[in-house]
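Heads up, the thing below is written out as structure tokens.
First the proteins, then the strands, lettered A, B, ... as listed; each starts at 1. For the numbers below, each heavy atom of this structure counts, side chains included, while hydrogens, waters and symmetry mates do not.
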Protein chains: 2
Amino acid sequence: MILEQSIKGKSKKQLISEAAAQLFRDKGYTATSMRDLAEKVNLKASSLYNHIGSKEEILRDICFANGQRFNEGMEEVEQLHAPAVEKVRALIRLHIQIATEDVTSVTAFNDEWRHLSEPYLSDFRQLRRNYERRFQAIIEEGIRNGEFKALDPFATLYTIFSSMRWLYDWYKPERKVSPEQLYEQISTLLMSGLVNEK
Amino acid sequence: MILEQSIKGKSKKQLISEAAAQLFRDKGYTATSMRDLAEKVNLKASSLYNHIGSKEEILRDICFANGQRFNEGMEEVEQLHAPAVEKVRALIRLHIQIATEDVTSVTAFNDEWRHLSEPYLSDFRQLRRNYERRFQAIIEEGIRNGEFKALDPFATLYTIFSSMRWLYDWYKPERKVSPEQLYEQISTLLMSGLVNEK
DNA sequence: CCTACCGATCGGTAGG
DNA sequence: CCTACCGATCGGTAGG
């Protein structure tokens, strides 16, 4: 069985989770039925439960797995011995990398986490708040030492954060745009602004 | 009856629509039941149908009303005899104004339009594409005449667009932040960038 | 992995 | 505006 998995590369559970992420992205978590999902993996709805515990468990796995990806990226960035501007650039790169690497999963994570029930909802919110605080601390560091303009750190955090959300709706692997090209465009806009200096 | 409405200021239909927008924002369109909505306006579910045609009709009204607000704003901006940079600033102000004026309605519009059925879904997409194209044309104008950096117009459009989406999640009238303060922060970041020029 | 089926809930209608 | 109710569909279980 382990052999079989390692040949195919993916367990049935993983296949179900990936199909679910696609449906969650297309129709939303609530509008996705277990029968939709079953059909997508050529199973009857009841058979899904041999591989997963519940519909919400799938969502939970997606949300926390992506939360962890962001937090691991943050960890690395924090350890950089570099100016705040380089750290923020690295975080922009991180967001784009995650978005383009596994866009369906990250979209479900981003848009559907509110359908988590307690206590997972609170756990998730805490995870997210933690990430945001660390991001904001880097922005504040840059403002303090004069690298950044003296903008409101919270508004700046959220504007940067949000500014890449369109990738979740728009990006498909078929679009032959490299993460690096996107990074170039987005980081220039956010760091230097749209307007040409005279 | 007309008198009664003009004293209260709002028709029952409007009250239902506003309650629905709040629920759509909190739980999403699909997860909002007509029984939830009925309870919120102190009615039985069946009685809602004396004021509205269907659940989707409510969503439809919200989506197209907000679409119109954006398009009317765009109309005004296009008629400005001003450099592209002023037009983009005016559009940023427009997005912030709409977001803070009626945040529940605009959030439902933004997040739930995909639950529209045909032919409304196609109509909506066209309305939106039209708005985006006009926004992009202004960006291209600014690039052409050297006001803006030579970034990719599409990526620029979407990054600016997206960058204000956090207001839909975060903003509440109770937060005593003025649209003008938000405009100051966001437009500075997008137009001039986060980094301090030396 | 399937068939058969559960109680709950959905959007909406009939009729008064 | 309500009570009563419709068929459809939901997430999930039993049992093999």
I need the CG-C1' distance between A:L15 and C:dC1, as an integer number of Å. 16 Å

Counting only Watson-Crick pairs (N1-N3 plus N6-O4 or O6-N4) and G-U wobbles (N1-O2, O6-N3), all under 3.5 Å, who is the partner of D:dG15? C:dC2

How many Å lie between CD on A:E39 and C1' on C:dC2, as a whole number? 16 Å

So what does A:L48 hit on the nucleic acid, given a heavy-atom distance under 4.0 Å: a base, only sugar-phosphate, or nothing? nothing

Whole angstroms only, please: what is the NZ-P distance between B:K44 and C:dG12? 19 Å

If you look at every strand shown and take non-hydrogen atoms under 4.0 Å, does B:S54 touch a base, only sugar-phosphate, or nothing? sugar-phosphate

Just to confirm, is there a sub-4.0 Å distance from OP1 or OP2 of C:dC2 to any side-chain nitrogen or oxygen of A:S47? yes

With a 4.5 Å cut-off on side-chain heavy atoms, are B:L91 and B:Y131 touching? yes

Nearest-neighbour nucleotide for the A:R35 side chain, D:dG12, C:dC1, C:dT3 considered: D:dG12

Length of the CG-P vector between B:L59 and C:dG11, whole Å: 13 Å

Side chains of A:I186 and A:W166: closer than 4.5 Å at any heavy-atom pair? yes

B:M34 CE to D:dC5 C1', in whole Å, measures 17 Å

For B:T32, which contact category applies under a 4.0 Å heavy-atom criterion: base, sugar-phosphate, or nothing? sugar-phosphate

Pair B:K27 + B:D36: basic N to acidic O under 4.0 Å: yes

Can you see if the side chain of A:S33 gets near the phosphate of D:dC10 - specifically, an N or O under 4.0 Å from OP1 or OP2? yes

Let's see if you can work this out: which of C:dC2, D:dC1, C:dT13 has an atom nearest to the side-chain heavy atoms of B:Y49? C:dT13

Whom does C:dT9 pair with, Watson-Crick or G-U wobble, provided both distances fall under 3.5 Å? D:dA8

Tell me if a side-chain donor or acceptor on A:E57 pairs with a main-chain N or O of A:G53 at a distance below 3.5 Å. yes

For a quick test of reading the model: is some side-chain N or O of A:K55 closer than 4.0 Å to OP1 or OP2 of D:dG11? yes

Integer-rounded Å distance: C:dC1 P and A:K13 NZ: 15 Å

Indicate the ring-plane relationship of A:F109 and A:F70, choosing parallel, tilted or perpendicular according to the 30° and 60° boundaries. parallel

Mind calculating the distance between OH (B:Y29) and P (C:dC10) to the nearest angstrom? 13 Å

Nearest-Å distance for atom pair CG/P, residues B:D36 and C:dG12: 14 Å

